[in-house]
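I have placed the structure first, in the form of structure tokens, so that the comments after it can refer back to it.
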Amino acid sequence: MLRIYSDEISEKYFDKELKLEGWLQDLRDLGKIVFLVVRDRNLFQVTCKGDLIKEVRAIPKESIISAKGVIKGNEEVMNGWELLLEEVKVLNKAETPLPLDPTGRTPADLDTRLNSRIIDLRRRDVTETFRNRTRVMREIRDFYYDEGFIEVNTPKIVRAGMEGGATLFKLDYFGTPAYLAQSPQLYKQMLMGSGFDKVFETAPAFRAEESATRRHLSEFISVDAEIAFVEMGDVLDNLEGLCNRVLERAAGIKLKEFPRLEYDEALSMVGREEMDRKAEVEISEKVDDDLFFILNYPAEEKPFYIMKKGERTNSFDLFYKGLEISSGGQREHRYPVLCDNIKESGLNLEDFKYYLEPFRYGMPPHGGYGLGFDRFIQAMMGLDNVRETVLFPRDRFRCHP
RNA sequence: GCCCUGGUAGUGUAGCGGCCUAUCAUCCGGGCCUGUCGAGCCCGGGACUCGGGUUCAAAUCCCGGCCAGGGCGCCA
């Protein structure tokens, strides 16, 4: 007999004999009658009377069971039906005690939950985060496909870093040093010289920063886009369009324009001189909208590949509920200027040989951005800690499970 | 890298020099109960992060290690 899922049961199955399988989440023993709460994709009740009671009592919670019996409609019971048990098999016994309570009634710290993440993921409210990740990622991809982007995959094992190397994970590449990519930045820019015109990538990025905050990870998913023949305003429009589409379709949040604040304007709003974390938080509190841009950062706050505009740059950061979720801008596409910028940043031109080559042989003006996917989910769902949005997060102290 | 906090049964907690043979809930084991749905009731089980020190006396105070949480810097 084939197993059927509890969410497939409707009135047409009433009074038929069926087999359902899942985890034994709970057991309520009333003596001559025992109620089992079993979980497959959802919860359902198995009701047990008579000789089977002794057998059923011995099954530890969270064991995998196979339950055969007749479906009975009953308005008093969850789902409006119950399985009257006729035969039960234990397919795999769970050990006891469990490392945490999979129903969530007894709370557990995030650290405890992450140590036993698979058990933690048995909770419906925990998996909701990951259902949202799927929805959001699907909307992101569809947005780019609809806009004519090509999806690319750039290498995650790289020779040189992008801004020095202090935040890179070093590894041994057949006897020579290599690094885990902290961003696809250089590759997606190079691709602008190929004629692809519009590219995007969703891939892990690695940062060896010793950060220990609720919004940092050592490995996170970066959504990167780069577009040729555009200026900064076009890039802003594209990112705004992306966020609006995703929020509308994945979270039911209505379309609107994001405020675009000049760097100086944003600082003076809160009477501050420096754009530190405190200023960012204060600005976010002052702005009514959940999402807003800050434009034209000073050159010393931005990397060499951003196009300068006097003392400022054609750059922006995007904030969502006080979290910096994206940064980008117009890139420097003029070879001599780019070389000067690299030198001014104290970097070695020789290290950027392969990056620079396409800039010598016909590189169009271009711009783009990187968006922190995990942070986006964190802000969208209002979660305290970005680690909650990742199945198996990696941070300064965690490389397991 | 810097700064601040904290580590008590499997899980989450109370206790913060002697009343601790360590609280409560959940959990696990046993018992009662035929309609529970966070079932209920009774009995039992299980813990002071590690090392050193102070003291007549340490879960409690001090120092160090380990682990964890948070903030800053940096960033997505």
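Below, chains carry the letters A, B, ... as their sequence lines are ordered, and counting in each starts from 1. Because the structure is predicted, anything quoted here is derived from the model rather than measured.
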Problem set entry | Atom C1', compared across B/G10 and B/C27: separation rounded to whole Å | 7 Å
For this session: With C1' as the reference atom in both, quote the distance from B/C37 to B/C43 in angstrom, rounded to an integer.
Result: 26 Å
Exercise. Between the side chains of A/His366 and A/Gln189, is a donor N or O closer than 3.5 angstrom to an acceptor N or O?
Worked result: yes
For this session: Measure from the side chain of A/Arg215, starting at C-beta and using heavy atoms only, and say which of B/G70, B/G69, B/C72 lies closest.
Result: B/C72
For this session: Using a 4.0 Å heavy-atom cut-off, write out nucleotides 22-38 of chain B from 5' to 3' as B (base contacted by protein), S (sugar-phosphate only) or - (no contact).
Result: ----SSS----BBBBBB
Exercise. How far, in whole Å, is B/C3 from B/G73 if one measures between their P atoms?
Worked result: 16 Å
Problem set entry | For the student: nearest non-hydrogen atoms of A/Asp101 and A/Arg123, plus distance | O-CD, 4.4 Å
Exercise. Mind checking the P distance from B/U54 to B/C41? Whole angstroms is fine.
Worked result: 49 Å
Exercise. Choosing from B/G71, B/A76, B/U13, which nucleotide comes nearest the side chain of A/Leu217?
Worked result: B/A76
For this session: Nearest whole angstrom, please: distance from the P of B/C75 to the NE2 of A/His216.
Result: 9 Å
Exercise. Which nucleotide sits closest to the side chain of A/Arg277: B/G12, B/G70, B/C75?
Worked result: B/C75
For this session: Determine whether more than 12 heavy atoms belonging to other residues, nucleotides or ligands lie under 6.0 Å from atom NZ of A/Lys156.
Result: yes
Exercise. Is B/G17 paired to anything, Watson-Crick or G-U wobble with both distances less than 3.5 Å, and if yes, which nucleotide?
Worked result: none
For this session: Determine whether the side chains of A/Gln45 and A/Glu82 contain a donor N or O and an acceptor N or O closer than 3.5 Å.
Result: yes
Exercise. Using the rule for Phe, Tyr, His and the six-membered ring of Trp, do A/Phe397 and B/A68 stack at under 5.5 Å and under 30°?
Worked result: no
Problem set entry | Test: A/Arg3 cationic atom under 6.0 Å from A/Tyr5 six-membered ring centre, within 45° of axis | yes
For this session: Pick the P atom in B/C16 and in B/C74, then give their distance to the nearest Å.
Result: 42 Å
Problem set entry | Stepwise side-chain hydrogen bond (donor to acceptor under 3.5 Å, both in side chains) test for A/Ser218 and A/Asp395 | CA-CA 5 Å; A/Ser218 303; A/Asp395 63 42; 5.9 Å; no
Exercise. How many angstroms lie between atom CG of A/Leu338 and atom NZ of A/Lys343, to the nearest 0.5 angstrom?
Worked result: 11.0 Å
Exercise. Does B/C66 have a Watson-Crick or wobble partner in any strand here, with both distances under 3.5 angstrom, and which is it?
Worked result: B/G7
